[in-house]
Amino acid sequence: MRVVMKFGGTSVGSADAIRQVAAIVKESRQNHEVVVVVSAMNAPDLRTTDTLIAAAHAAAQGEGDATAHVAPRLLDLHMRAAAELAPPDACAALETEIRTMLDYLSDLSRSIAVLGELTPRALDLFSGLGERLNARLIAAALRAAGVPAEAIDATELIITDDRYGAASPIMDETTARSRKRLLPLLEAGVVPVVTGFIGATRTGVPTTLGRGGSDYSCSILGACLDANEVWFWKEVDGVLTANPKVVPEARSLRVLSYSEMAELAYYGANVLHPKTVLPLVQRNIPIRIRNTFNPSHPGTLIGEGRGDRTARAVTAIKEVSMITVGGPGMLGLAGVAARIFIAVARAKANILLISQASSEQSVCFAVPLAEAPAAVAELRKELENEFSAHDVEHIDVKDSVMIIAVVGSGMRGTPGIAGQVFGAMGEAKINVIAIAQGSTENNISLVVSAADGDEAVRAIHRSFAL
Ligand SMILES: Nc1ncnc2c1ncn2[C@@H]1O[C@H](COP(=O)(O)OP(=O)(O)O)[C@@H](O)[C@H]1O
Ligand SMILES: N[C@@H](CC(=O)OP(=O)(O)O)C(=O)O
């Protein structure tokens with residue numbers, strides 16, 4: 001069986017963790033063809049991607065060489081791990097490669113400081129470096145563990161559009177490139193260790209797929225290589241009924257349907273990047289989510305099918321703003337909803353949830369907190385005439401709210417779910433600001449104040465005995 005497997009930043013955050021990764025790959029390889037996708041190292045005291053992004057912004061603020069403090073720490077992080085995992089000659093070769101890449105970053109940092117401007121294109125060069133460093137380290141660790149392995153930058157494989165920071169793959173070209181480059185390696189018994197998170201445009205300019213995008217890289221490659229299964233190795237025992245950091249008693253779900261996973265990911269269960277499911281569902285490739293640090297646990301299997309319980313899991317999106325547009329003249333004002341949403345789209349704000357009162361006197365919707373100011377500015381411009389005519393009287397913004405979603409495909413057609421959610425909120429004395437049900441009826445989502453968010457998740461988890 002061919003398996004494309006991804007190890008996230010925490011799963012490769014230290015020499016011990018990487019030793020564990022090498023053991024998993026070595027064992028998997030006995031029965032399967034394996035392609036490995038890796039994220040940047042996420043050590044407890046050094047989160048590589050965050051650090052690189054902060055350095056890029058510091059450069060734009062005019063700090064001559066913003067990598068001066070960062071580069072030695074990154075070199076040290078990777079070389080300390082390497083020293084524990086690989087022989088001295090391999091470490092020396094790795095150090096030369098890492099130094100070259102960090103020198104390039106330092107040159108780039110100086111150029112950004114001179115220009116005083118950080119373009120999304122330059123930011124992608126910075127933010128994607130951690131994966132490049134780490135793929136080389138992991139490949140060296142695998143070789144030292146007796147597994148033939150080769151580090152490969154996904155800029156060679158994943159061809160994307162030029163939406164820097166949130167690029168999308170061009171699947172036919174990516175398929176051709178990745179098959180041409182990776183299949184001969186698999187045939188030769190070599191494990192390709194591919195950088196997650198990054199790709200490149202047709203003309204070879206590096207891009208990134210969005211924060212947390214290594215999951216997506218893995219599913220893109222899984223689809224392109226016709227993998228039999230795609231595995232995601234995490235620090236948790238699969239997908240749990242809630243974020244264990246909020247609900248410590250959350251339990252692991254043995255199976256989930258693609259649509260349940262897609263909804264959970266969309267509604268903030270950051271166990272998987274929201275775009276991950278799509279390339280795989282189209283080809284019906286099963287997904288497993290497993291624990292790097294507890295590999296004997298079966299984890300979660302995601303595939304076709306319908307859940308048999310009503311609600312499966314509860315999740316939350318933080319840092320959300322709720323925008324309400326209202327006024328007496330909105331009743332029957334033709335096309336106003338369309339104009340509202342087109343204005344929000346112009347502001348490039350992503351609408352997470354919509355709720356409209358049946359009286360049509362107001363429309364409210366939720367967008368990410370950071371995107372709210374631009375959305376409101378566009379709305380004010382769009383509705384200028386309606387404001388003058390007093391058809392629209394207010395655009396209210398409520399910051400510091402959270403969206404809570406209850407997800408489960410068995411909820412479809414099951415009466416009383418919304419009542420149970422409201423009951424749980426009432427019992428916990430939590431005020432519900434808005435409620436919406438997805439058209440798939442796979443979820444019910446509600447908006448509560450951020451201060452109540454974690455308690456709302458716990459109350460729903462208790463109420464549905466998840
Ligand atoms: N419903 C959920 N099930 C499992 N993990 C969840 C859920 N919601 C949020 N999480 C969080 O997602 C994280 C996923 O694991 P992690 O190893 O950090 O992923 P990666 O490093 O690949 O991004 C966990 O730390 C966990 O706290
Ligand atoms: N390193 C990138 C990509 C990624 O997916 O990382 P992780 O697998 O650790 O979430 C980020 O932090 O966004």
Side-chain angles (χ1 to χ4, degrees), residues 5-14 17 20-21 36-44 46-54 74 123-124 126-135 138 154 165-167 194-199 207-220 230-254 256 260-261 263-276 287 289-294 297 299-300 302 311-318 404-408 454 457 460-461 466:
M5 55 175 74
K6 177 251 177 179
F7 295 90
T10 332
S11 297
V12 289
S14 66
Q20 181 66 15
V21 166
V36 170
V37 176
V38 290
S39 297
M41 279 183 91
N42 228 343
L46 186 53
R47 301 175 75 85
T48 302
T49 311
D50 292 348
T51 306
L52 288 164
I53 290 173
L74 288 174
L123 180 59
D124 275 359
F126 262 82
S127 60
L129 190 86
E131 274 70 12
R132 295 179 196 256
L133 303 178
N134 200 29
I138 303 289
V194 183
T195 54
F197 188 43
I198 63 174
T207 54
T208 64
L209 307 179
R211 291 306 307 268
S214 297
D215 289 339
Y216 191 29
S217 309
C218 180
S219 71
I220 292 167
V230 170
W231 297 356
F232 295 90
W233 291 93
K234 306 267 165 178
E235 59 164 355
V236 281
D237 288 335
V239 182
L240 308 186
T241 48
N243 185 349
K245 287 169 187 146
V246 177
V247 183
E249 64 276 18
R251 53 175 194 86
S252 168
L253 293 159
R254 256 330 69 81
L256 272 178
E260 286 170 328
M261 187 64 243
E263 302 248 356
L264 279 170
Y266 177 84
Y267 283 105
N270 55 1
V271 62
L272 216 55
H273 186 276
K275 290 183 181 169
T276 309
I287 301 171
I289 305 206
R290 302 182 61 183
N291 191 341
T292 308
F293 308 104
N294 187 16
H297 193 286
T300 302
I302 298 156
R312 309 295 309 284
V314 53
T315 180
I317 312 183
K318 296 187 172 177
I404 313 292
V406 190
V407 173
D454 285 354
V457 168
I460 290 172
H461 198 268
L466 296 172

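Worth knowing before you read on, the calculation uses all heavy atoms, side chains too, and leaves out hydrogens, waters and symmetry mates. This one's a predicted model, so the numbers in the text were calculated from it and none came from an experiment. All ligand and atom numbering here is 1-based and tracks the order in the structure.
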Undergrad: Write out the residue and atom name of the closest protein heavy atom to atom 17 (O) of ligand 1, then the distance separating them to 0.1 Å.
TA: Glu235 N, 2.9 Å

Undergrad: Side chain or backbone of Ala242 under 4.0 Å from ligand 1, or both, or neither, by non-hydrogen atoms?
TA: backbone

Undergrad: Pick one of side chain, backbone, both or neither for how Glu131 approaches ligand 2, counting any non-hydrogen atom pair under 4.0 Å.
TA: side chain

Undergrad: Around atom 11 (C) of ligand 1, find the nearest protein heavy atom and jot down its residue, atom name and distance.
TA: Asn270 OD1, 3.2 Å

Undergrad: Arg211 heavy atoms, cut-off 4.0 Å: which ligand 2 atoms fall inside?
TA: 11 (C), 12 (O), 13 (O)

Undergrad: Identify, for atom 9 (O) of ligand 2, the protein heavy atom at the shortest distance, and state residue, atom and that distance.
TA: Gly9 N, 2.9 Å

Undergrad: Is there a donor-acceptor contact under 3.5 Å linking the side chains of Asp124 and Thr208?
TA: yes

Undergrad: Could you work out, for atom 2 (C) of ligand 1, the closest of Leu240, Thr10, Val247, Val236 by heavy-atom distance?
TA: Leu240

Undergrad: Give me the residue, atom name and distance of the protein heavy atom closest to atom 10 (O) of ligand 2.
TA: Gly212 CA, 4.0 Å

Undergrad: At under 4.0 Å between heavy atoms, is it the side chain or the backbone of Lys6 that contacts ligand 2, or both, or neither?
TA: side chain

Undergrad: Could an N or O of ligand 1 be found under 3.5 Å from any N or O of Asn243, whether backbone or side chain?
TA: yes

Undergrad: Please classify the Ser214 to ligand 2 contact at 4.0 Å (heavy-atom distances, strictly less than): side chain, backbone, both or neither.
TA: both

Undergrad: I'd like to know if Gly196 contacts ligand 2, where contact means a heavy-atom distance under 4.0 Å to any ligand atom.
TA: no

Undergrad: Nearest to atom 14 (C) of ligand 1, what protein heavy atom do you find, and at what distance?
TA: Val271 CA, 3.8 Å

Undergrad: Tell me which protein heavy atom sits closest to atom 6 (O) of ligand 2, plus the residue, atom name and distance to 0.1 Å.
TA: Ser39 OG, 3.4 Å

Undergrad: The test is side chain to side chain donor-acceptor pair (under 3.5 Å); show your working for Thr292 and Arg290 and say whether it passes.
TA: CA-CA 6 Å; Thr292 308; Arg290 302 182 61 183; over 6 Å; no

Undergrad: Any heavy atom of Ala313 sitting closer than 4.0 Å to ligand 1?
TA: no

